[in-house]
Number of protein chains: 2
Amino acid sequence: MPRNEVPTSRRERPAKPALTRQGIVDAALAILREEGLARVTMRRIAAAMDTGPASLYVYVHNTGDLHAQILDALLAPVSEPLPDGGTWRARLGELLARYRDVLFSHPEIARMAISTRPDGPHYLALVESILALLVEAGATDRAAAWGVDLLMLYPTAVAAEHATPSPSGRAPDPGADIAELTGRLAAADPARYPTISRLGPALVSGSGVQRFDWALDVLLAGILADRSGTE
Amino acid sequence: MPRNEVPTSRRERPAKPALTRQGIVDAALAILREEGLARVTMRRIAAAMDTGPASLYVYVHNTGDLHAQILDALLAPVSEPLPDGGTWRARLGELLARYRDVLFSHPEIARMAISTRPDGPHYLALVESILALLVEAGATDRAAAWGVDLLMLYPTAVAAEHATPSPSGRAPDPGADIAELTGRLAAADPARYPTISRLGPALVSGSGVQRFDWALDVLLAGILADRSGTE
DNA sequence: ACCTGAACACCGTTCAAGT
DNA sequence: ACCTGAACACCGTTCAAGT
């Protein structure tokens, strides 16, 4: 047996990927799934691939480059074909809900996606679909062009809200946000913050999905109301 | 002279703050101004205060706690009184432009503000003002309550876009984003991404301020159009 | 050309021990 | 109660040296 060939019967590290750009991304995705983004480090990936961190720099420019690759890989299911039929609104809602779901499952990636704009094929396909639906809905070219940013920024930012800033150890624990916010608002001095006090219940009302749907309607109403791009 | 008293004539570290919660925040703000958020570390702050990092944990829970304090301090100028007169729209625009400017000057703080909701007095004052203006503008209670989130998320996310993910060394270099995006869009295959290709110029058109003003109008139109909270 | 050991210059947080 | 030295368990990136 040539010495490069690894016997397939080795039981440990069954999915040890090859030392290529794609192999590195695959290893990173596995670690992301199992340990969270905070553990997706050059050193951790290198260890999973039985090498040193310096070896990765042959294929990956830096950590940002790696993260952008990870996001595009995660976006693959978003660009799967939509069910036939349905209004542009239903199709747009489905597309953005898929995008939101991916980001909600990986809040730390969402956080990253805000400053590192992804540019992979899956991301471009999503932008293309949203733009086409906005044009179909009657948006002006400029409203569609500027609106796609706004529409995608929203789920990204909401998902990123649920990311713990750096340590990935802590459990996500949804509901803690609301409970904490409720407490803070209840503690707000009614004399200094009268409107906050009065609207307190409304401020914390609604589930994440309800607020998401509401925001989508708000954004679309605003985008479609803009006729200034028409001459 | 009692041994605790430091002669005021010592020329180095002229503004060495006292080891208190406020002193730590002040030291952090000084480092932020001079070296960027990436250098605002427990170790760096401790060094500036002539002590070890462990000492800071007496006053600060963790890095997130510290960052939230920093943001609220930066928000102080936002809650200075608005010029008298002006429509609710002008006042709201001014308030959000101030908020945007603070975050644009500190993109890394904006990035952080997305996941760590600030809760200091200056932040609450801003929320209070925006809520009051939305109600004055005729928004329903629910539209105001949910809308304030949307209105504040937008400048935060846009500012965070300009933050380099982690290393603070690189210069901000505005325009590089647009140039890079333009190149990527030009390279987009017109057969696979026809709408992106057709809208290419519109996608990268407009200055940051133009797009900000446009987004504000879109958001407000959508928020004020929502009457579903009215019975 | 590709790969790597070792080093450089750092991190946040904890904890036992001091004052 | 407050403060701290030292340690624990890590980081990203570079570079000279190997194959």
Side-chain angles (χ1 to χ4, degrees), chain A residues 2-6 16-25 27-28 31-32 34-70 108-109 111-112 115-116 163-171, chain B residues 2-6 16-25 27-28 31-32 34-70 108 111-112 115-116 163-170:
Chain A
R3 73 163 175 68
N4 279 349
E5 221 166 280
V6 175
K16 184 183 144 188
L19 193 47
T20 63
R21 190 171 165 90
Q22 188 56 52
I24 291 168
V25 173
I31 296 167
L32 174 64
E34 282 152 36
E35 306 175 40
L37 185 67
R39 314 280 306 182
V40 182
T41 66
M42 293 297 195
R43 282 165 185 274
R44 181 70 189 76
I45 295 168
M49 302 182 89
D50 276 337
T51 183
S55 306
L56 306 183
Y57 285 81
V58 176
Y59 303 98
V60 166
H61 295 315
N62 51 41
T63 310
D65 179 19
L66 178 67
H67 284 172
Q69 294 298 312
I70 292 174
E108 294 149 316
I109 289 284
R111 188 175 151 74
M112 172 225 89
S115 33
T116 303
T164 52
S166 305
S168 90
R170 224 219 293 169
Chain B
R3 73 161 175 72
N4 278 350
E5 219 166 281
V6 175
K16 185 184 145 188
L19 194 47
T20 62
R21 189 169 166 91
Q22 188 56 52
I24 291 168
V25 173
I31 296 167
L32 174 64
E34 282 152 34
E35 306 175 38
L37 185 67
R39 313 280 306 181
V40 182
T41 66
M42 293 296 194
R43 283 166 185 274
R44 180 69 189 77
I45 296 167
M49 303 182 88
D50 275 337
T51 183
S55 305
L56 305 183
Y57 285 81
V58 177
Y59 303 98
V60 165
H61 296 314
N62 50 41
T63 309
D65 179 18
L66 177 68
H67 284 172
Q69 293 298 313
I70 291 173
E108 293 150 317
R111 191 176 149 76
M112 172 224 90
S115 33
T116 303
T164 52
S166 304
S168 91
R170 224 218 293 168

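Lettering follows sequence order; numbering is per chain, from 1. Quick note: numbers below take in every heavy atom, side chains included, and nothing from hydrogens, waters or symmetry partners. Computed from a prediction, not measured in an experiment: that's the story for all the values here.
- Atom OH in Y59(B) sits about 18 Å away from atom P in dT13(C), given to the nearest Å.
- Judged by Watson-Crick or G-U wobble contacts below 3.5 Å, the nucleotide dA17(D) has no partner.
- Across every strand in view, dC3(C) sits unpaired, with no contact that passes the Watson-Crick or G-U test at under 3.5 angstrom.
- In this structure, CG of D65(B) is placed 14 Å from C1' of dG12(C), rounded to the nearest angstrom.
- Taking atom CZ of R21(B) as the reference point, atom C1' of dC2(D) lies 16 Å away to the nearest angstrom.
- L19(A) has its CG atom 18 Å from the P atom of dT19(D), to the nearest Å.
- At least one donor-acceptor pair under 3.5 Å links the side chain of R111(A) to the backbone N or O of R111(B).
- Distance alone, capped at 3.5 Å, places no donor-acceptor pair between the Y57(B) side chain and the N62(B) backbone.
- In the set dC15(C), dC11(C), dC15(D), the nucleotide with an atom closest to the side chain of A54(B) is dC15(C).
- Of the candidates dG12(D), dC3(C), dC11(D), dG12(D) carries the atom nearest the T63(A) side chain, counting heavy atoms from C-beta on.
- Of all nucleotides present, only dC8(C) satisfies the Watson-Crick or G-U wobble test against dG12(D), with each distance under 3.5 Å.
- R21(B) and V60(B) make their closest contact through NH1-CA, 4.1 Å (heavy atoms, listed as atom of the first residue, atom of the second, distance).
- Distance R39(B) CZ to dG12(C) C1': 15 Å, rounded to the nearest Å.
- Formation of a donor-acceptor pair under 3.5 Å by the R43(A) side chain with backbone atoms of P53(A) is not found in this model.
- OP1 and OP2 of dC3(C) both lie 4.0 Å or more from every side-chain N or O belonging to T51(A).
- Across dC15(C), dC3(C), dC8(C), the shortest atom-to-atom separation from the side chain of S55(A) is found for dC3(C).
- Both V58(B) and R43(B) lie close to DNA chain D; mapped to their nearest nucleotides by heavy-atom distance, the more 5′-ward contact belongs to V58(B).
- No salt bridge links R39(A) with E34(A); every basic N to acidic carboxylate O contact stays at or beyond 4.0 Å.
- Listed candidates were dC11(D), dT13(C), dC3(D). Nearest to the side chain of Y57(B) is dT13(C).
- Comparing R44(B) and P53(A) along DNA chain C, the residue whose closest nucleotide (by nearest heavy atom) sits nearer the 5' end is P53(A).
- Separating the CG atom of L56(A) from the P atom of dT14(D) is a distance of 13 Å, rounded to the nearest angstrom.
- The distance from atom CE of M42(A) to atom P of dG5(C) is 17 Å, rounded to the nearest whole Å.
- Comparing the P positions of dC8(D) and dA9(C) gives an interatomic distance of 23 Å, to the nearest angstrom.
- Atom pair M49(A):CE and dC3(C):P shows a separation of 10 Å (rounding to whole Å applied).
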